[in-house]
Amino acid sequence: MNRFDYVRADSVDAAIRAAAGDPAARYIAGGTNLVDLMKYGVERPSLLVDITQLPLRGIEETSDGGLRLGALAGNSEVAFDARVRERYPLLSSAILAGASQQLRNAATTGGNLLQRTRCYYFYDVATPCNKREPGSGCSAIGGRTRIHAILGASDACIATHPSDMCVALAALDATVRVAGRDGERAIPFGEFHRLPGDAPERDNNLEQGEIILSVDLPPDRFGPHHTYIKLRDRLSYAFALVSVAAALRLENGAIAEARLALGGVAHRPWRKPDVEASLTGEKPGRAAFERAAAELLAGARGQGDNDFKIDLARRAIIRALGQAAAGKPQSQSHKRLEP
Amino acid sequence: MPQTQHVGAERDRVDGPAKVTGHARYAAEFPVDGLLYGVIVTSSIARGRITAIDLDAALAVPGVVQIFTHRRRPESDWYKHDFSDDVAPPGQPFRALYDDVVHFSGQPIALVVAEEFGIARHAATLVKATYQAATPETDLQTVAHYTPPKARNGIAPPPARRGKAGDAPLRVEGEFRTPFEYQNPMELFAATAVWDGDDKLTVYDKTQGVQNGQNQLAKIFGLKPDHVRVVSHYVGGAFGAGLRPQYSLFLSAMAARALERPVRVVLTRDQMWSIGGRPATIQHVRLGAGPDGKLQSIEHDAVGSTSRYEDQQENIVNWSGLLYPAATTSLGYKLGKLDLVTPNDMRAPGAASGVFALECAMDELASEAGIDPVELRLRNYADRDPAEDKPFTSKELRAAYRLGAEKFGWGERNPAPRSMRDGHELVGWGMATGVWEALYVPHTARATLTADGKATIACAASDIGTGTYTILTQIAADALGLPMEDVTVCLGDSKLPTAPVEGGSWTAASAGTAVHIACSELIGKLLEQARRLNDSPLGAAGRDDVVLAAGRLQLRGDPAKFVTLGDALRAGGLDHIDAEGSAKPDQSVAEKFTANTHSAVFAEVKVDAELGVVRVTRLVIAVAAGKILNPKTARSQLLGGAVFGLGMALHEESMLDHRFGRFMNRNLGEYHIPAHADIHAIDIVFVPEQEDHLNPLGVKGVGEIGVVGTAAAIANAVHHATGVRVRELPITIDKLLPGL
Ligand SMILES: Cc1cc2nc3c(=O)[nH]c(=O)nc-3n(C[C@H](O)[C@H](O)[C@H](O)COP(=O)(O)OP(=O)(O)OC[C@H]3O[C@@H](n4cnc5c(N)ncnc54)[C@H](O)[C@@H]3O)c2cc1C
Ligand code: SF4
């Protein structure tokens, strides 16, 4: 663990000022990811700006009928919030599919978005890693890639974003509200996380020193037609090999609107609007789901260990769309997968 | 046993309250004045030489007291001394900070000692080593395989081949693989070393053998053994990782000696991968049988991994010659040297891996022959040890098959794979046999009884969480006619009566017998005192005529004739009385008999027909292990073993990157063991088994048997559910998907 300074911010402005101009400053919320990374020597912040006292904890209605999740709202608080369960059960489900109860109690909304990849090499400072040390090389390529990307990877990095919650937020078209020295801005969820390209050190499009204020959800449109399926190496407390968030709006027995996002397969939750559009007007059924799976996975490429994830993702997409269509979402407490 | 009140009955753990209230002290928790903290720096390469270690930045950190490396350590003869220990395999044991040679990734290359733990930990990150790296070899498949030139003590090499390969009508053949597994007990390895002058040393260590550590330290530092004390009252799990002294023990003592202050060294979770675990294996099994399923030939060849510097050996294949008779039996065992740390004896070493392969092959034979898997095993039942042609001391495996099958409902099984369903899930029922040695080894204990009627039992054994404190309390309470509250058991201190390491599931039988004998001797001594009284009511009584009950030494047939404990002690002018007892295995028993524990394991899995997600919904393990001293603690051991076996079947794997010679998932987030959600119903059935030969208590031990056969039963159930044979553990989704 490195030596670092610590300040507790008492206002958003103070937090932004404290972190401004120091690329090695970090905000700390629940600390469930950042502290681990500091212990491993992966993150070596010069300054920790504790934001846990900021008034960003609330979950509030928005004027358009949506819901605003404060950046400091705990993962458990969000998952068990009555409005979230009622109107965004997909989000509740995805959160509950992640980590453990203890971690979810400590983890925050903002921190969940910004948690870093679980790539083994990223964590091991004895091995080269472009994300940790730009230009040093990617050890995962040609190495152990069970938890690595099959979509959107680059020659510089094949890491995945490990969050479950973010897969649901992507499917729900959330918006991330952030603030920096130049004021506030809103980032559509689909533009928040990045693909690695040739700058894998950047996980997302936050500018240095920007702070997340909230994640805003648009009004619910899917009723019971949603699901979150997570496939992993044990039945609980493991990151996704593949996960799928699916939501459908049905009209007269046909799909009027579809949302489909994958987790565990790319550097960001994987969505393709054209695939969702092509489901519109279709009758829900295996043929349509298989086609959507094929289209969403077009161009998928395995790295060896993780080749199986292409087929697994295909099967999981079909299952998820089936559950969503039937209005029988996956339970996260019963580990038996619903048909 | 003369009287039985507690032995054989369910009793709570006597150490339970101390553990759950935090009063139980572990190795890293002993308060010591003037303590320094040592943090280990490990090598990033797996093979080569250290060319330089830059310590400038680390030494400049205020609070850093000293940094030890192979070039900065006391110049003494210590390193020339023998680093071996009671359970060391043949070879040159690893010596931390000995020279510039790197033997494995994660090898300790420096010890940073500071006034505070945080300072040491920070400074350790500033130590920068440079290396001349060589290409590591860590792929068991590609390295040379050889027969170990020297057998490891206690590990019999495979017996010579019997019979010659014939053309059996039914043949099955398969290659099986098991990965590197790591015990990862909750408690990290830790040692706190305190010197008294330069010739007396006390270390609070995490270990399964305090006297093993004591002897190693005495040899290395040239001390009288009774000037070295190793204490380990409580162990937060070890599963074989604590049988050999770990380098934390030596490093803490070395640093404390050099700095003339107490030093504590605690490993990190990451460093727990640098102390060895279960070796990887590649196995070939070929079975030949007649149309009736009767085995004609068993061929089982295994290659296990070891390090370059030691020939770690375990018994992987001999079980195949023991479990079933066959005219032709050919067993082979080789090693492959890898640039990794020497493996250790992880719970049920050898059997866990070898019986997995054999029992999966038996299942394949059952399918091939169209015979029910239980029936196949009954047709091949060994009433005598086929390898040595000896009777068993006891063997109720047949009853285990029957009781296990009944409890499980095995009779309802449709033998065809993929024939049973629960909605969209495929249901599979599989079974396997488990076997482990029933070991009984020399062991001593002391019993002390004071005038207030309280007893103390002492021996150097460790309780590694298995319940040793509890069962020894039960045995002593019964033997001395006391309530359990009046018996205190002292363990885990090298100055106590001699005990071997706690391993091999031998402690209940061996320590238990020693305690039983010590108590009996004590009563004999008490009787001598009682007979000195004038007109003693026990004047003519012999040792076997009396029992101790409620503070009275009384005639067995006539409780009205008694002498109180107080009177007996007073007669001899004593305030207490004590006696030692020794468990001494009778060599002729070992010559005449074979002694094993057995189990029949039944597993139900449900597999999502499309997505390959496996749930082990039921496990039934019927165990024949002689007398069960305490069904509650025994059941816990077996449940733990079952969970261990389930993890082996579905989850556990230390993933190597051969390019770096490094395990990549070195944390409990990525090294998967079962979570609560993975565990459903587990039923333990104790099969009555009368054991008359092995030891006076008739005990066999249950610490390891729960693991053996469990992975095979689950693999067989997965096959029954899906029609897919997975011969390489763990059984993960990727291995099932192509067959679904
Ligand atoms: C063993 C383990 C298993 C896990 N399993 C899962 C799983 O299965 N699924 C899953 O989705 N997650 C899982 N997690 C990850 C967990 O969800 C994250 O660690 C958690 O969400 C991070 O939130 P936090 O508040 O603790 O973030 P912190 O650790 O405090 O911060 C993480 C990062 O976010 C930044 N940050 C935090 N808040 C803000 C803000 N408001 N504005 C700007 N920057 C900010 C910090 O600077 C830091 O870089 C697991 C974690 C562990 C340790
Ligand atoms: S995949 Fe990305 S995070 Fe992993 S080693 Fe390569 S560059 Fe680093």
Side-chain angles (χ1 to χ4, degrees), chain A residues 1-4 36 38-41 44 99-101 103 118-121 123-128 139-140 142-147 162 229-239 241-242 302 305-312 314-316 318-320 322 332-339, chain B residues 42-45 61 105-106 118-119 121-122 124-126 268-270 422-425 606 608-617 647 650-653 655-660 662-670 672-680 730 732-738 740:
Chain A
M1 175 118 36
N2 227 4
R3 284 171 179 272
F4 55 85
D36 272 2
M38 289 168 69
K39 288 182 182 169
Y40 280 99
R44 293 168 174 270
S100 65
Q101 186 64 59
L103 282 159
R118 308 308 287 202
C119 169
Y120 317 117
Y121 303 91
Y123 266 78
D124 187 342
V125 294
T127 60
S139 298
R144 302 312 301 253
T145 57
R146 189 169 181 82
I147 54 175
I229 291 183
K230 179 176 182 184
L231 299 160
R232 51 197 139 176
D233 275 330
R234 58 182 162 192
L235 294 177
S236 169
Y237 198 36
F239 289 93
L241 293 167
V242 168
D305 282 355
N306 69 351
D307 293 349
F308 72 97
K309 283 166 63 165
I310 302 173
D311 188 30
L312 184 63
R314 186 183 64 78
R315 294 168 187 240
I318 296 167
R319 177 70 64 86
Q332 299 302 342
S333 46
H334 299 113
K335 302 299 173 183
R336 177 183 208 263
L337 290 173
E338 309 288 339
Chain B
T42 60
S43 74
S44 58
I45 64 159
V61 175
S105 181
I119 294 172
R121 185 154 180 171
H122 167 59
T125 65
L126 304 177
T268 61
R269 180 58 65 189
D270 183 321
D422 176 5
H424 65 292
E425 283 185 311
K606 294 192 176 170
D608 188 285
E610 211 174 10
L611 294 171
V613 173
V614 179
R615 300 184 303 130
V616 181
T617 43
L650 301 185
H651 306 126
E652 293 197 42
E653 177 178 15
M655 285 191 297
L656 267 172
D657 184 324
H658 295 308
R659 299 167 308 169
F660 298 107
R662 203 164 163 85
F663 291 113
M664 293 317 305
N665 54 340
R666 302 185 310 274
N667 60 69
L668 290 177
E670 297 297 342
H672 298 128
I673 56 169
H676 282 89
D678 295 291
I679 303 301
H680 296 85
T732 41
I733 290 180
D734 48 309
K735 294 174 188 157
L736 290 175
L737 225 44
L740 291 179

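What's counted below: heavy atoms across the whole structure, side chains too, no hydrogens, waters or symmetry copies. In this text, all values refer to a predicted model and were calculated from it rather than measured experimentally. Order of the sequence lines fixes the chain letters, A, B, ..., with proteins taken first and strands second; residue numbering starts at 1 for each chain.
The shortest heavy-atom contact between B/L668 and A/R234 is O-NH2, 3.5 Å. Considering all non-hydrogen atoms of both residues, A/L337 and B/H424 come closest at O-NE2, 2.6 Å. What you find for B/R615 and A/L235 is that their closest heavy atoms are CG-CD1, 3.7 Å. Smallest separation of non-hydrogen atoms from B/L737 and A/F308: CD2-O, 3.9 Å. What you find for A/A238 and B/H672 is that their closest heavy atoms are CB-NE2, 3.9 Å. Heavy atoms only, all atoms of each residue included: A/L312 and B/I733 are closest at CD1-CG2, 3.7 Å.
The candidate from B/H651, B/M655, B/R666 with the greatest count of non-hydrogen atom pairs under 4.5 Å with chain A is B/M655. Highest contact tally toward chain A, considering only B/T268, B/N667, B/L656, is held by B/L656 [criterion: heavy-atom pairs under 4.5 Å]. The most heavy-atom pairs under 4.5 Å with chain B, out of A/E338, A/R319, A/K335, A/R336, come from A/R336. The residue among B/V614, B/D270, B/I673, B/N665 with the most heavy atom pairs within less than 4.5 Å of chain A is B/I673.
Contact of B/D608 with chain A is made through the side chain alone, with heavy-atom distances under 4.5 Å. Proximity to chain B (any heavy atom under 4.5 Å) is shown, for A/S100, by neither the backbone nor the side chain. If you measure heavy-atom distances from A/R314 to chain B, you find no contacts under 4.5 Å at all. Neither the backbone nor the side chain of A/Y123 has a heavy atom closer than 4.5 Å to any heavy atom of chain B.
Note that OG1 of A/T127 and CZ of B/R662 are 7.0 Å apart. Values are rounded to the nearest 0.5 Å. The CD atom of B/E653 sits 7.5 Å away from the CZ atom of A/R146 when rounded to the nearest 0.5 Å. Here the CD1-CG distance, from A/I229 to B/L611, works out to 6.5 Å after rounding to the nearest 0.5 Å.
A donor-acceptor contact shorter than 3.5 Å is absent between the side chain of B/H676 and the backbone of A/S236.
Partners of A/I147 according to the side chain to side chain contact (heavy atoms under 4.5 Å, CB included) rule, which considers only residues two or more places apart in sequence or in another chain, are A/R118, A/Y120, B/E670.
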Go through it in stages, so that I can follow the logic: the residues are A/Y121 and B/D657, the test is side-chain contact (heavy atoms from CB on, under 4.5 Å), and I'd like the CA-CA distance, side-chain angles, deciding distance and then a yes or no. CA-CA 10 Å; A/Y121 303 91; B/D657 184 324; 2.5 Å; yes
